[in-house]
Amino acid sequence: MLSSRKSLTSRLPKTGETIHGHKFFIGFGGKGANQCVQAARLGAKTSMVCKVGKDSFGNDYIENLKQNDISTEFTYQTKDAATGTASIIVSNEGQNIIVIVAGANLLLNPEDLREAASAISRAKVMICQLEVTPAASLEALRIAHSSGVKTLFNPAPAIADLDPQFYTLSDVFCCNESEAEILTSLEVSSPSDAGKATLVLMERGCQVVIITLGAEGCVMLSQKEPVPKHIPTENVKAVDTTGAGDSFVGALAFYLAYYPNLSLEEMLKRSNFIAAVSVQAIGTQSSYPYKKDLPLDLF
Ligand code: ADP
């Protein structure tokens, strides 16, 4: 989880320079927490397994999870590292400088996951990403897989030489274009490119592969329907696409858990719709819609 601090400035400062900014925001981010928040806002019962520092950022983060009705029973606090932070400077021209210090995220270890095994094994779906160590993510996937819990793996940020077990332990493997490029070494910039990349990823052992394509929606491939299929999204006026992928993954987890009888294509259409709502407002978690704000036919 990342506590983010964003300053808006007229231009980026040079090395050694101090400048005045004109706006400052404190936000909550990190892929796992964003995904969990989106699923919770749709009505999912959620629990966040992660680690923050024993510091004010960590305390604020735990409060934010609670306000989103997310269980923090397995949100560990450590004295050995600070809460993960993202320090962001954005200029009027939209240029940015971002420094992420992962901090406590990297101290989440396989034993912490084993301690949370009771919660994981009672879940319908477990999502994980790569903002913690691969060892921690793999342990989470193993626990879920061995308990028959559906696994939704989002290999982000992507690493080129991903351990092959990540593919075989993923029921649903969902990444964006740039992550698909890193994982497959193919160029992925169109639905047809994405279709080729899904075939490569599927061969590594996943049951279902989804590649999101921003305004183009997503492409799916499953063992049951082994021909890539493009699912277009809504045509909307995007004002801030930060965190759209996490809104999509959170929504997909919600449908996998609560509407398991829907077709995959229908789940993806609905997840596209929800992520398209999120890009029409500024911010990350602050742009994620609640169930009450969405059309009834999504539920
Ligand atoms: P990431 O945030 O990981 O880069 P994407 O940019 O692929 O992920 O976006 C994830 C999903 O968000 C897309 O599959 C789509 O459903 C939705 N989305 C993103 N950008 C737009 C947009 N400009 N218009 C409509 N939907 C969008």
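All residue numbers in this chain count up from 1 along the given sequence. Order of listing sets the numbers, starting from 1, for every ligand and every atom in it. Bear in mind the structure is a predicted one, so any value in this text is a computation, not a measurement.
- For ligand 1, the polar-atom distance check finds an N/O of N272 within less than 3.5 Å of one of the ligand's N/O atoms.
- Counted by atom type alone, Q35 and D246 present one or more donor-acceptor pairs between their side chains at under 3.5 Å.
- For ligand 1, the polar-atom distance check finds an N/O of G217 within less than 3.5 Å of one of the ligand's N/O atoms.
- The shortest N/O to N/O separation between G245 and ligand 1 falls below 3.5 Å.
- Against a heavy-atom cut-off of under 4.0 Å, A238 is close to the following atoms of ligand 1: 23 (N).
- Counting the atoms of ligand 1 from 1 in the order shown, those under 4.0 Å from a heavy atom of E234 are 25 (C).
- For ligand 1, the atoms closer than 4.0 angstrom to any heavy atom of A275 are 11 (C), 12 (O), 16 (O), 17 (C).
- Salt bridge status for E63 with K66: absent, with no side-chain N to carboxylate O gap under 4.0 Å.
- A side-chain donor from one of N59 and Q77 sits under 3.5 Å from a side-chain acceptor of the other.
- Using modelled atom types and a 3.5 Å distance limit, the side chains of T83 and D55 yield a donor-acceptor pair.
- At least one donor-acceptor pair closer than 3.5 Å links the side chain of N105 to the backbone N or O of A102.
- At a heavy-atom cutoff of 4.0 Å, ligand 1 is contacted by no atom of E216, backbone or side chain.
- Contact annotation: for D246 versus ligand 1, there are no heavy atoms closer than 4.0 Å.
- Side-chain contact check for S3 versus R5: some heavy-atom pair is nearer than 4.5 Å.
- Around CD of E17, the count of heavy atoms belonging to other residues, nucleotides or ligands within 6.0 Å exceeds 12.
- Taking a cut-off of under 4.0 Å to the non-hydrogen atoms of T233, the atoms of ligand 1 that pass are 16 (O), 25 (C), 26 (N).
- Listed by atom number, the atoms of ligand 1 under 4.0 Å from A276 heavy atoms are 25 (C), 26 (N).
- Looking only at protein heavy atoms, the nearest one to atom 24 (N) of ligand 1 is V236 CG2, 3.6 Å.
- Atom 6 (O) of ligand 1 has its closest protein heavy atom at G214 CA, 3.4 Å.
- To the nearest 0.5 Å, the span separating CG on L113 from CE on M126 amounts to 7.5 Å.
- For atom 7 (O) of ligand 1, the choice among L252, N154, T212 with the nearest heavy atom turns out to be T212.
- Side-chain atoms of N68 do not come within 3.5 Å of backbone N or O of I70 as any donor-acceptor pair.
- Residue N176 has at least one N or O atom closer than 3.5 Å to an N or O atom of ligand 1.
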